[in-house]
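Okay, so here's the structure we're looking at.
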Amino acid sequence: MNRFIKIPLVLAIVTFLTSALLMVSEDLTHEKIAEQKKMLLLQSLKQLIPAELHDNDLIADAQTIHHPELLGHRKPQTLYIGKINNKISVLAIPATTPKGYSGDIDIMVGIKTNGEITVVKILEQHETPGLGDLIIANKSDWIQQFSNQSLHLTNLKNWKVERDGGVFDQISGATISPRAVTEAIKQTLLYHNGFMQNIGEET
Amino acid sequence: MLKATEITPAHLYSFKGGLKLKHHKRDSLDNGLSQSSIPDKLYLSLRINRGNIANPIVAVGDNVLKGQVIAKPDTTNGSYIHASSSGKVTAIGIRETASPNADYATVIEITTDKKDQWCTIAKTHSITEAIKSAGIVGMGGAGFPTHLKYQGNNIHTLIINGAECEPYISCDEQLMLDYPNDLIDGITLMMKAADAEQAIFALEDQVGGIKSQIDKIIAKRKIEHIVVVKVPTIYPAGGEKQLIKVLTGLEVPSGGLPLDLGIIVQNVGTAKALADYCKHGRPLLERIITVAGDAIGKPQNFSALTGTPISHLLQQAEFDKDKTERLVIGGPMMGYAMPNCDIGIDKTSNCILALSHENTQHHGDSLPCIRCGKCVEVCPSQLLPQQLHWYIKGENLEKAREHHLFDCIECGACAWVCPSQIKLVDYYRYAKSEINYLDYKRTKSDAAQIRHEQREGRLLKIKQERIAKRKRTKHRSKNPDKMKQDLQATLDRVKKAKEQKNEPK
Amino acid sequence: MSELFFIFISAVFINNFVLVKFLGLCPLMGVSGKYESALGMGLATTFVLTLSSIISYFIHTYLLIPLELEYLKTLSFILVIAVTVQVTELILHKTSPLLYQVLGIFLPLITTNCAVLGVALLNIQQQNNLIESAVFGFAASVGFTLVLVLFSAIRERLEMADLPQSFKGTPIALITAGLMSIAFMGFGGMVR
Amino acid sequence: MHPFINILLFSIIALLFGLIVMWVSKRFKVEGNPIVEQINAILPQTQCGQCNFPGCKPYAEAIASGQAAINQCPPGGEDGIKKLATLLDVEVLELNPDNGDVKEIDMVVEVVEKDCIGCTKCIQACPVDAIVGAAKQMHTIILEACTGCDLCIPACPVDCIISIPAPLPNYIRRSEKPELYNLISEAQKC
Amino acid sequence: MSGFIRKRLIDDNAALVQLLGLCPLLAVSNSVVNALGLAIATVFTLTLTNALVALIKPLLSKEIRISLFVLIIASVVTALEMFMNAYFHELYLVLGIFIPLIVTNCIIMARAEAFASKNSLWLSIKDGFFTGLGFALVLITIGAIREILGNGSLFNQAHLLFGDLGHSLHVKLFDNYQGFLIAILPPGAFFVLAVLVAIKNKISKN
Amino acid sequence: MNQNKVFNTESAPHIPDSNSVARVMLTVWLALVPAMLAHVFFFGTGIVIQLTLAIAFALLFEAISLKLLNKNINLFLKDYSAFVTGLLFALCISPVAPWWISFIGMFFSIVVAKHLFGGLGQNIFNPAMVGFAIVLISFPQAMSIWVAPQAISLYDMSFLENLQAIFFNTFPTEIDFDTLTQATPLDTIKTAISQDYAMSEITNVPLFGKFGGLGWEWIANFYFIGGLLLIYKKVITWRVPTAVIVTTIAFSLPFNLYDTDQFIGPLQHVFSGGLMLAAFFIATDPTTGCSSHKGQFIFGAGVAIMTVLVREFGNFPDGVAFGVLIMNMAAPLIDRLTIPKAFGQQR
Ligand SMILES: Cc1cc2nc3c(=O)[nH]c(=O)nc-3n(C[C@H](O)[C@H](O)[C@H](O)COP(=O)(O)O)c2cc1C
Ligand SMILES: Cc1cc2nc3c(=O)[nH]c(=O)nc-3n(C[C@H](O)[C@H](O)[C@H](O)COP(=O)(O)O)c2cc1C
Ligand SMILES: Cc1cc2nc3c(=O)[nH]c(=O)nc-3n(C[C@H](O)[C@H](O)[C@H](O)COP(=O)(O)O)c2cc1C
Ligand SMILES: Cc1cc2nc3c(=O)[nH]c(=O)nc-3n(C[C@H](O)[C@H](O)[C@H](O)CO)c2cc1C
Ligand code: SF4
Ligand code: SF4
Ligand code: SF4
Ligand code: SF4
Ligand code: FES
């Protein structure tokens, strides 16, 4: 056969074989991958919406929200809803604050119907390593102080870091990041209150 | 090109860089000019700068008279060397000379008879020829054969360099003080030789009454087109490129010559040497040389024969040998340290400096360059001395060339200010010589390549012919007639070749 | 427009491919001995990278997505790159021997430069459109070239320094790269 | 549509790529390699064959095609290797001792005239035609053209060719490199 | 150790001597676990691609040899990527873009070109494995050094690789360690590699 | 060769200038004395301890490196360049920074940035700035704690208390840590702007003086005076400092005009942080700068632009160190591209 035809043909055949190989692997793995992704998501939601507080399929019941004013969203985000007997028990609300030391900090706050926080998670941040990033759970236990806290008309003033006259610890030498996170949590709680009221009105 | 009329000598320009140095000239000037006695032996070096070696035309044992030519140049770039006093040639051999690194060169040793007997000097017809037969070379330090400068045309300006800028050296000033008339004669002769329209006579502004003295002579003799100008005392204002810049505002093109601007620069000593020959029939046998330094008891200027050993002059100036750390031919900035004092001075030696330990000692040791940039500030050639040093240190000579190494005039200003006390000029000298050498090798190898390729081509052709022939033979073998014919042809050719060979060439 | 400008600035300085994202380090270490080679490598990479990010964009949007073959993206992109490099090399060799002389030896090395594939993949990840892809590709390679050229000038100077024996060559180059990446950290946070 | 069809379609693209490459490689075919000339320009053109190639050009070709290392030319010395390394952007190597040593100074050869029998053997050996002379006559070497490759020495049946230091033109005066500050002691090579 | 192996592990080590595969080497070495993950993936890929390239030797021709190498490498890597995504999902997320970029890991191409395309199947497999191992050793060493200096710990997050067993592997070397951040930031990677290469240079000189 | 050599045959110049590296370096020190005194006046005696520590570590590492590299310790220690490095480093860090900050900083300065690159005069990156940048990045917390200027502080730390703070990290207990310490003015600005305060509100507090920070502006003035001394003594030329200051003003002015509340004013830029120090003492480091005149202008301008960019948009409160490092990195290339015309080259 002519070299001119033969060589491209070799290329094509090898391409075909290799892509076939990939097709097979894709076939073998894609379910598992999807499953893994879901598992990871659930894993991370586990603390926000503890298993004992819901019995629904969290992913199926998720909603898309977009609330730039209160939650600082820049894009539509996913809100996860935990339900017991079809009644809302916990919300996992995503929020963004632009006031971090180095840009946006994305958090997710789990809030029970009674307004009590389950857990706050830092989803994404770019704070200075070793300083601002102490807000992350596995770097320090700063973030844990918010668990079981809630916001009422009476303690509105307290939702600040100590430096600003509130009750929450700051991180020494890095007040900005904690201040930003604390504020974002407060906003999220405010949003939650509104959200619950709306639902209350609806039902 | 600028015309002579566009140069207004009254208006001075400045060059970048340069140094203000203490000039230390008064000591030697105060003691005036003395005539040195005739030494027992004269050592005449046959190598005058740029490697132009003259060939001796006398032999050991010959008697020579003062002014007799004893060596002739083998190229047009060389100059004649005359016996500077009468006596007997007692040796011709390799010795240290008063040149960079006290290089070894062929030296003719004359044992003088102290009679100082002149030979007869033949008359010459043109001034250029006179310069050549007088053996005149530039006396400003470079020793460039002066007659070569007058081969160009289009010269409009002659600059007479009396701006003796190095510290301690005062021989030119002494000359201007003592021989103003000869000097003016020399200048007029030079102007004639070069067909120049004007001459600018440059002096440093620290000299005393010389300007008025010369102005007076010019006025008295009604000579036109010679202007005397004082230039600021900044080292190295005496460098020709800097002087031209100061006087005219023009820059000699990088890699070019003053000639490119229509200018000739000539030292005052050179001018006087010409006058000496044309007026008095004396070739260049004698020059004024300063003997100074803090190890000299009585610093002064001597009028000394070329070839006079340094020791002979030192003796006459109350030299303190024990105090001396360094003995320098030339000035403190550009001079060369001599290993001993049995070396004969030559036509370009303008100063002997004997310096004590305290005066030569560095205040710190030599350290790596810290790139402080002081050298850049003072470099009159506007180079980056520290970069040059860096490249040369790293053997990156091509880079040094790109950074205009060859525009360095080796003035030593950079080395003088360097806080790291690096011998910068040594690096440049090394690099220049090495690049010249490598360039030479390159041209040689290029030539070799061409020769090789030609040879290969020739061999290839022969081989092809042989193959072609073999083919033809094969072909022919089928044709006996043709074969015979060819055989005959070959035999004929061989015969013819033999005949040719027997013919005398 | 300003969006594109930020993409450009970000890819050149703030998220410099070489010093911040660690892509294309092998050529950085390998082809930075002298300024001319570095510039040559940079130019060649710029050309191939810009071209291949455009082609990759087309392949991805008009072939892989419609055919539901997205898992073949690495495969197809690298094929595109290899072919682009090869074709560029061949054409250059013939049409501009002078340019080939300058770039020639560097071209084959581009295929294995992580930055090239990296750009194609990041373009997909960041869902850039055609123009953005092209600008991103171009900017990434400008950043690459910039670092390469700066680095080569530094190395030329280091060549002549009295380095400790065991740090001559690669180790000091790596240290230099490390210090350069510290300097680049100064750009951090400038475009959010 | 069966996924296999998709893959087939994809492979057709590959086929197309292949065709493009083939077409381009045919259309833009070139001979020769410009690098060879550049390498050859660096080699000293001594043509001595110490590199194990019949001359500088063949060695240049071998380097360009990657068949020879850059450290095989003793006349080029360290300097030549450095230049080659820079040109090709490869690491500097030490001169391969198998190829010979660098000579301290440049040498050329001279014919001891009284011994020469005029056999022309040396003329045939000289790669740069630096020897003149005819059969049965005394031969001389054009010193300017001689590269000091020494190829003629073994060729001479009566051993009348001797090596002498190469004469340098007057204007070249080699001076020594100044000492580095005397600080970095020898022991630095750790 | 036979010369063949020694050469690949030490004397001609792909990372320390040939300076190939630097991108993953520096980018994914901020902890032992990341390093280990990528190391395993690289050894595996290198062995497999070398084998495949050795198999298709007869098909190679001047015009498309690079393309063929690239195809093979890319498909192996993509397959690997899929399996990692499926079975080590979190690690996969951590290693990020560097998994697909194994494709352009210069070592793989270099071995395909310089060795596998010229040698027998068995030799190529051996070559791939040991070259990869040499690379892996360096990768893991750097990972360990950086993690110790930067975090004061070892095998942090080992569960990504070893499942629950991993949690027990995690050791905190110093209590109350401030953390020398530069070590886990990009510059640290360069410094650590530089020191390793310098040490290697020094050892091989003696 | 010379059997009859009697005299020393070293080459010209035969009467050297009295300049030396040590003298140059000591002039730098001398020029810094006024600013150091001002520093003590405004921020207490902490700086004295830091200076002692940094210089001691610098000389220690210098000696060790020289020893390991078999260089002449005597000769090189006396060049005082490590001394200057330590000096400048200490002036950049907080007066109460823990002692190991100097230790680590000086290790990277002297060993990594200087001696690995060949030692005196051969380093590419400014040693002091390398050390500073590395500790800044590695230990942001320790680096961002400054004491308040004594003029507005409620408490002046004594020498002993400073020692305790530096060596044992213990601060006086009778006073609240947060009152004792205070972020630097630039840090405060960065923080406040991110909290949506306007510049006019921010600079209204006593921490800010007339144009820079309180105390800071005075120290800057003394750096300026010291710099003039250096220019007068011809240790540096006017080019780099002028380029830095002029470019800082020119480059920050448009931002400031565009939005006075969002962007720092030009004078504020010049008189706060390390700008003045950098302009005269750091960007002028001869070794790591550019050698051609044009290059020096570019170098200075680059430092200024980078500084303004980092201060306005970057992650760090002050960008001088990064500006210097970035330009160090570019210096060889700039030098390559700006070879000046030699005398007599057509222009
Ligand atoms: C290089 C550097 C990085 C910093 N990074 C952060 C950070 O990520 N988060 C933060 O809150 N503060 C950070 N800071 C500190 C702030 O600038 C500011 O000093 C601090 O937030 C004020 O808090 P304090 O009142 O507790 O001292 C950083 C400081 C410096 C010098
Ligand atoms: C740095 C330097 C300084 C010089 N100083 C003088 C000087 O002071 N007087 C002088 O006549 N020539 C001096 N020259 C030599 C001049 O450049 C020039 O060669 C000379 O004036 C030409 O005249 P000549 O050929 O008659 O010697 C100096 C050269 C250099 C490079
Ligand atoms: C190769 C060569 C050729 C020269 N030709 C001329 C010339 O034709 N005309 C001229 O005026 N000077 C000529 N010069 C002399 C120079 O201009 C200069 O005077 C001489 O080199 C000494 O200068 P210096 O003392 O400044 O070093 C030539 C010099 C050299 C090296
Ligand atoms: C004007 C001047 C400024 C200097 N600035 C610095 C500096 O910013 N950082 C430093 O480490 N050394 C500095 N030095 C000291 C010395 O030049 C420097 O350490 C060299 O980089 C050492 O090779 C300076 C020296 C002078 C004369
Ligand atoms: S004066 Fe000396 S130390 Fe300063 S830059 Fe020039 S050569 Fe270097
Ligand atoms: S010796 Fe050369 S480099 Fe030095 S100042 Fe003079 S001209 Fe410039
Ligand atoms: S060894 Fe060098 S000089 Fe001799 S033939 Fe080979 S390349 Fe030419
Ligand atoms: S004469 Fe002899 S040594 Fe000289 S080039 Fe010819 S063969 Fe070589
Ligand atoms: S691994 Fe070689 S360029 Fe990235």
Side-chain angles (χ1 to χ4, degrees), chain B residues 15-16 96 101-102 167 241 245 251-256 324-328 332-342 353 355 359-360 362-365 367-374 376-377 380-384 386-387 402-404 407 412 415-421 423 425-426, chain F residues 1-25 71-72 74-76 78-79 81 118-123 234-237 239-240 284-293 295-296 331 335-336 338-347:
Chain B
F15 62 92
K16 292 219 174 84
E96 288 142 335
N101 309 331
K241 293 184 174 179
K245 170 94 199 220
E251 290 189 0
V252 177
S254 163
T324 308
E325 162 94 6
R326 250 187 245 192
L327 190 62
V328 177
M333 302 298 288
M334 297 181 71
Y336 305 98
M338 294 289 123
N340 61 56
C341 49
D342 291 327
L353 269 184
L355 297 169
N359 228 334
T360 56
H362 289 306
H363 291 258
D365 293 280
L367 284 170
C369 166
I370 56 166
R371 297 163 51 85
C372 68
K374 289 216 153 154
V376 183
E377 298 302 315
S381 301
Q382 289 156 245
L383 307 177
L384 294 175
Q386 84 275 47
Q387 297 284 72
E402 275 172 38
H403 279 68
H404 318 299
D407 284 325
W416 196 75
V417 293
C418 176
S420 289
Q421 314 280 12
K423 297 280 181 189
V425 183
D426 282 1
Chain F
M1 189 159 92
N2 282 315
Q3 311 91 334
N4 45 0
K5 177 170 158 176
V6 183
F7 304 111
N8 179 333
T9 50
E10 264 185 63
S11 57
H14 301 293
I15 304 179
D17 192 11
S18 56
N19 211 349
S20 73
V21 176
R23 197 177 273 222
V24 168
M25 297 297 166
K71 295 191 184 180
N72 187 334
N74 250 332
L75 193 58
F76 274 102
K78 277 191 300 190
D79 69 27
S81 66
L120 181 69
Q122 319 205 29
N123 42 327
K234 299 210 168 136
V235 170
I236 60 174
T237 60
R239 294 185 187 86
V240 174
T284 51
D285 174 19
T287 302
T288 55
C290 288
S291 40
S292 65
H293 292 172
Q296 290 175 348
D335 265 349
R336 232 197 113 98
T338 58
I339 303 175
K341 291 243 177 355
F343 184 94
Q345 282 201 307
Q346 252 56 40
R347 58 193 82 206

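Chain A is the first sequence line, chain B the second, and so forth, proteins listed ahead of strands; every chain is numbered from 1. All heavy atoms count here, side chains included; hydrogens, waters and symmetry mates do not.
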Fill in the blank from the handout: Okay, B:V376 and chain F: the region with an atom under 4.5 Å from a heavy atom over there is side chain

Exercise for the section: Measure the spacing between SG of F:C290 and CZ of B:R371 and express it to the nearest 0.5 Å. Expected result: 8.0 Å

Handout entry: Options F:P340, F:S291, F:G118, F:G121, ranked by heavy-atom pairs under 4.5 Å with chain B, top entry
Key = F:S291

Exercise for the section: Measure distances from F:T237 to the heavy atoms of chain B and classify the residue's part below 4.5 Å as side chain, backbone, both or neither. Expected result: side chain

Practice task
Among B:V425, B:T324, B:L384, single out the residue with the greatest number of heavy-atom pairs under 4.5 Å to chain F.
Solution key: B:L384

Practice task
Supply the atom-to-atom distance B:M333 CE to F:I15 CD1, rounded to the nearest 0.5 angstrom.
Solution key: 9.5 Å

Exercise for the section: Report the residues that fulfil side chain to side chain contact (heavy atoms under 4.5 Å, CB included) with F:P286, sequence neighbours left out, ordered by chain and then residue number. Expected result: B:C372

Problem - Part of F:V24 within contact of chain B (heavy atom distance under 4.5 Å) - result: side chain

Exercise for the section: Identify which of B:C418, B:G412, B:S381 forms the greatest number of heavy-atom pairs closer than 4.5 Å to chain F. Expected result: B:S381

Handout entry: F:N19 to B:Q421 - nearest heavy-atom pair and separation
Key = O-NE2, 2.9 Å

Handout entry: Structural part of F:N123 lying under 4.5 Å from a heavy atom of chain B
Key = neither

Exercise for the section: With sequence neighbours left out, write down each residue that passes side chain to side chain contact (heavy atoms under 4.5 Å, CB included) with B:F15, or none if nothing qualifies. Expected result: B:I234, B:P236, B:A237, B:Q242, B:K245, B:V246, B:P380

Fill in the blank from the handout: Bottom line for B:Q386: the part with an atom under 4.5 Å from chain F's heavy atoms is side chain

Practice task
Could you walk me through whether B:E377 and F:H293 pass the side chain to side chain contact (heavy atoms under 4.5 Å, CB included) test, one step at a time?
Solution key: CA-CA 10 Å; B:E377 298 302 315; F:H293 292 172; 3.2 Å; yes

Practice task
Measure B:D407 against the heavy atoms of chain F and call it side chain, backbone, both or neither at under 4.5 Å.
Solution key: side chain

Handout entry: Main-chain N/O of F:G344 paired to B:S254 side chain as donor or acceptor, under 3.5 Å
Key = no

Practice task
Could you tell me the separation between the CD atom of B:Q387 and the CZ atom of F:R336, rounded to the nearest 0.5 Å?
Solution key: 11.0 Å

Fill in the blank from the handout: The interface call for B:K374 against chain F, heavy-atom contacts under 4.5 Å, is side chain

Fill in the blank from the handout: Looking only at B:K241, B:M334, B:M338, the option with the highest number of non-hydrogen pairs under 4.5 Å against chain F is B:K241

Fill in the blank from the handout: So, the part of B:L383 with a heavy atom under 4.5 Å from chain F: the answer is side chain

Practice task
Say whether, by atom type as modelled, one donor and one acceptor occur between the side chain of F:H14 and the main chain of B:G335 under 3.5 angstrom.
Solution key: yes

Problem - B:P368 versus F:Q122, closest heavy-atom pair with distance - result: CB-NE2, 4.3 Å

Completion exercise
Here the gap from B:E251 atom CD to F:F343 atom CZ, rounded to the nearest 0.5 Å, amounts to 4.5 Å

Exercise for the section: For side chain to side chain contact (heavy atoms under 4.5 Å, CB included), just list the numbers for F:K234 and B:V417, CA-CA rounded to whole Å, side-chain angles, deciding distance to a tenth of an Å, and then say yes or no. Expected result: CA-CA 11 Å; F:K234 299 210 168 136; B:V417 293; over 6 Å; no

